[in-house]
Structures are given as C-alpha cells and as structure tokens.
J.: 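Before I ask anything, here is the structure I am working with.
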Amino acid sequence: MHGFRGVGASPGIAIGRVFVHVPPSLAVSDATVPAALRQAEVESFLQGRQKALVGFESLIDKVRAEKGDDLAGVFEGHAEILMDEELGEAIVGRIRDDGQSALAAVRDAMEAQRAEFLALDDEYLRQRADDLSDIGRRLMLAIAGVEEVRLEDLPKGSIVVAQDLGPSDTARLDRDRVAGFVVAAGGRTSHVAIMARTLELPAVVGCADIFDVATSGQVIALDGGDGRVMVDPDAEALADFECRRAAHATAMEAMRALSPLPATTGDGHRAFLGVNIGTPADAEAALPWNPDGVGLYRTEFLFMNRTGLPSEEEQYRAYAAVVRAMKGRPVVIRTLDVGGDKPVDGLGFTREDNPFLGWRGARLFLYGSDGAIPNRDPEVKQQMEAQLSAVLRAAVDGNVWLMYPMISSVEEVDVLRQQQDDVRARLAAAGRQVGQIRTGIMIETPGAALVADKLAEKVDFFSIGSNDLTQYTLAADRGNGRIAPVYQPFHPGVWRLIAGVIKAARRRAIPVGLCGELAGIEEAALPLLGLGLDEYSMAAPTLPRIKRIIRAATMPEAEAIARAILDAPTAAAALAMAGDAMRAVLGRVQ
Ligand code: PEP
Ligand code: MG
C-alpha cells in the first residue's frame, strides 16, 4: 500500500484500476531540410493539418452530443487556432526559409506562440497556452501519422494516471469508463483541474511521485476533495474509501437535484443566492452550483503576494473573464479592500496602531496622508483610476455592479461617486467603450448601518459585510482568538443593525444582500429571509445547503423567527431559537 497527497482538484471519491496514460512519443529531427525537399515538407504539414482538422471535427460532434454546446465550443476554438492563417504562414515560413522539418516547424511555432501567452502572466491566457500545446501535439501526431492512444475505450472503472492531460484528452474520456484521474503535473487552477470539475470526475493533480509506484492494473483509490491517493490499498483503507464514496454520492445526489432549482420558499418568495469569489478560476468552479450571480468578487487577491501592483489591463482581463463566465448574471466587483489584516506591497502603507480602525477599504481612495480628500497620492490615484477603468470596461461584456467597502458616511459616498464619474468621463473622452453599471456600498460599520436610510438615497444597492459589522459592533477583532467568545455573529445587537439596514433598503426599493460568512451559516438563513434580505452570497459549495432551507420554509415562518431573534436576550439564545426553527422546517421535507 502506498499513500500520496496531491492537490484535490475535483471533489468526489473514486476507486478503480490504474490506467497509465503515456502519450505516443515523437522523434523530431532538427537537421536542416535540403531546399529541394522543402515543398514536400510543406505538403506534409498541410495534409497533416487537414487530418487534424477532421479529428477535431469528429471530437466536436462527439463532445456536442455527450457534453453540450459549451464544451464543444472550446474545441471549435481549437479548430480555429489550428487553421489560423497567421500561424500557418509562420509554420510554412519556418519550413521554406529556415529549412525546418514540418514537425520541428510546428513544435517551434507553437512554442513561440505559447511563450507569448505565458509572458502575459494572466490566468485566462495561461490556460489558452495549455490549449496551444494540445493543438500542437495533435497536429504533430497527424503529420507523423502516429495514432493517438484511444482514451475512448478504456476498461470500465479505469483511473487514468498521467504526467499531464490536455483538454482534448480529458474531453475524450468516457465518463462511463473512467472513474477519475491522477495527474503528476498541475495545480488547482490548471486546465486539467478545471476540466475535471466541468466533467464532474474526481481528480487529484500535482501528485508528482505517483509514477514511482503506479502501474496499469493496480487498484487505486482517490479523494478529489482532500487530494489523498492510495495505490494498492489494504482492506481497511479500501473500506474507508468505500464508506466515504457512499456518503459523498448521497450528499451529491441531494445537492445536484437542487442546483437547477431557484431558492424559492414554499409560498413563492424568491431569494437570490450568489457566490463569493477571489479569482476567475473561482467563478468557473462555482458554475456547477448554478449561482444567481457573484455576490462578492474580492479583487484584492490580484494585489496580494506579489511585488508591484496589477496594471489596468491585467485587472480588466480578470474582471472580464468573471463577467463573461457569469453570462449576464450580476457580478458584484468590490474595489480594493486592503489594509487592516491585509496589507499589500506599494500604495504607501505605514504602521498603524489600530489597523482595523485605520486606513483600509475605500478609505485608501478617500484620505491622503496630507489630509487631502480625496487622496491625491499619485500611486493610489493611479490605482483607483486603473481599477475603476477596468471595471467600467469589463461591464461591456455583462452585468456589473461596483461596490465600495468600509463606508462610514454619506460624504464618503459623494466623493467616491464623483471620482467614478470623472473616470467614466475620461474614458468616454478617450473613445474607450464602457458599460453601464450599478454602484453600491458595503454596510460594515455600525455608523453606516445607523444612517442606512440616508445612504440608500445615494446608491443602487447595499451588501452587508457581516464579518466586519460584527467586529465593529462588538468591538472584537475578528482574528483575535482570545476574545472569540465576544465575536458573536448571532448577537442580537448585530441583528438589530442588519434589520435596520434591510428596512432602509426596502423603503427606498434598492436591493440588499449579505456577503459575510453569516450568509452561509445554516441557522441564519431563515431569520435573514424573514427580515427581507434579497440576496445571500457565500462560498459556492455552501449554496445548496442554504437553498434547501429556504425552499423548505414559508415567509410567515421566516418572519416569526426573525422577530424572535431581534428580541432574544443573548447570542446563544438567538442561535438556539434559529437552530430550532431551521430543524423544524427541514424536518418537514426529510
Ligand atoms: C465582510 O466584512 O463581511 C466582508 C464580506 O468583507 P471581508 O470579509 O472581505 O472583510
Ligand atoms: Mg469586510
């Protein structure tokens, strides 16, 4: 028995037999082709390309029939790249002018293109770079007349073990025959990982040492959630995997049945369930949960763990990728929310005695170190303009809602909106295309919550940041374990503020969401609904749990528990009441 730990790339448990996938190797000669033979090399490239195109066309038909238009569209894109005129000319030029063989010319032309994509340092284009390797490999096999390994007809229950798998490999895998895969290369955002999630096949990637022991035919078990892989498991380990497989299957069955359904109560009230994301890959991974949109896109992840700041272009590409992935569903993009516990390189952060009460969130754009409002520091101003421009441009492709964090007063909103109007006017003057957006704020300070009626006149929507609202209401640092008992999201004081915010939003008929962790806490689902919350935003896998509760309830039930919570003497009492109410409604449907 040999255990490994890779990166869980696609949840689920698979038990089966190893199928080691080794792609056919190709010997590529780098000798110069004599001038007289170069035309024949060009011909062999053109014939090979035609053959590869036929292969792509049958793959597209197969994928369209089995996996739908979206995935088929990916391979239509590949076929387009294959037939791209410029690429073809570059390859022919390498053969005619440089005397490269057809195989060497394809390899090098594809590699040059790939290097260009990789140099752009962009998640989305990095994935396209992987596509290029895959297209190049298929083209080279076609030129060399080498048959591909037939991944279509593997023995039933195979677990494919490979150094890496290209998109066309993963698309050819037959779901009825392949139980999962383990790949030595890649991370959670690698193409193979994204494809595994799309195909809903359990997968572990980044399992570098797997080839040390795995050979075809051995029994293998994997957990695509925690990344555990066991080759040749003993009876006890096998029983454990089997147990987990059964539990996962039952849970998934129930969850899957819920994904196409709306979060509508028994008496017809519709709530909206969005997801919290930090990267475009998170948005892709959330799609199978069928969210109503992105309720919180934390853009700060683009700014962290790096030196220097992302350019407008880099930001635009990330935001546009998310907006496109959501296909018209709302995407709430939050402006840079750093400071407090999240400093970044650049922007002139200095040590503060109370960073959570200091220069954080939208305050970066608002307050200069010299007392100027708005902040005129060139680096911050440039970043603010780059971010707003990127968001306004990304809005051309979908439904964008822009949101400012850490707001304390009406004046702040006035200043921010003025800045935003200036950026929009500048882009328009420069002839840049910008989209329509809605502008909103996070309510995460008690001051903002208490003047929510006034703030509601200034913005298009609210989203309650319950993580910070709890910390500021109870004066309890959300990251300080010592005073964790003080940090009580169910404290009736926090709920009274939430109730006031929702009421103010409803009076003004603007939508109000909640995107802190409270939105994903099952006991909170009913009271939030009863208070009139329009939208909950949470980590994607939590979504069906909250949906299940909302669908089991009626509005009068939700309103009753909301009233009870507001009147509870303590957080413990509020939580207990909410738990009882939740179990009561769920008990009816189980
Ligand atoms: C919040 O404060 O509730 C919130 C969603 O923002 P963050 O957790 O990013 O501070
Ligand atoms: Mg916050």
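Only heavy atoms go into these numbers, but all of them, side chains included; no hydrogens, no water, no symmetry mates. Whatever order the structure lists ligands and atoms in, that order sets their numbers, starting from 1.
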J.: Could you check which N/O/S atom of D468 is closest to the Mg ion (ligand 2)?
T.: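 Looking only at N, O and S atoms of D468, the one nearest the Mg ion (ligand 2) is named OD2.
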J.: Side chain or backbone of M406 under 4.0 Å from ligand 1, or both, or neither, by non-hydrogen atoms?
T.: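 Neither; nothing of M406 gets under 4.0 Å from ligand 1.
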J.: Give the numbers and elements of all ligand 1 atoms closer than 4.0 Å to a heavy atom of C515.
T.: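 In order of number, 5 (C).
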J.: Tell me if the aromatic rings of Y367 and W359 count as close, with their centers under 6.0 Å from one another.
T.: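 When the ring centroids of Y367 and W359 are compared, they turn out to be at least 6.0 Å apart.
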J.: If you count the atoms of ligand 1 from 1 in the order shown, which ones are under 4.0 Å from a heavy atom of G465?
T.: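 This gives 1 (C), 2 (O), 3 (O) as the contact atoms.
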J.: Restricting to N, O or S atoms of E444, which is nearest to the Mg ion (ligand 2)?
T.: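 That would be atom OE1.
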J.: Could you verify whether a donor N or O on one side chain and an acceptor N or O on the other, from E412 and Y404, lie under 3.5 Å apart?
T.: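 On atom types as modelled, these side chains do not qualify, holding no pair under 3.5 Å.
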J.: So between E300, R478, E517, R334, whose heavy atom ends up nearest atom 8 (O) of ligand 1?
T.: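 The nearest heavy atom belongs to R478.
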J.: Can you check which of D337, N467, I464 brings a heavy atom nearest to atom 3 (O) of ligand 1?
T.: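 It is N467 that holds the nearest heavy atom.
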J.: Less than 3.5 Å apart, any donor N or O on the side chain of Q315 or Y319 sitting next to an acceptor on the other?
T.: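 Their side chains do contain a donor-acceptor pair, which is all the 3.5 Å distance test asks for.
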J.: Under the 3.5 angstrom rule, does the side chain of T264 hit a backbone N or O of G268 as a donor-acceptor pair?
T.: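 The answer is no, because no donor-acceptor pair under 3.5 Å joins these two groups.
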J.: Can you find a side-chain donor-acceptor pair between N467 and Q471 that sits under 3.5 Å?
T.: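 There is no such pair between these side chains.
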J.: Checking contacts here: is it the side chain or the backbone of Q471 that comes within 4.0 Å of ligand 1, counting heavy atoms only? Could be both or neither.
T.: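 No part of Q471 comes within reach of ligand 1.
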J.: Measure the spacing between CD of E444 and CG of L497 and express it to the nearest 0.5 Å.
T.: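 Here the rounded value is 13.0 Å.
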J.: Show me which atoms of ligand 1 lie under 4.0 Å from any heavy atom of L296.
T.: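 Reading through ligand 1 atom by atom, the close ones are 5 (C).
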J.: Validate the cation-pi geometry between R478 and Y487: distance from NZ or CZ to the six-membered ring centre under 6.0 Å, angle to the ring axis within 45°.
T.: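 That pair does not qualify as a cation-pi contact.
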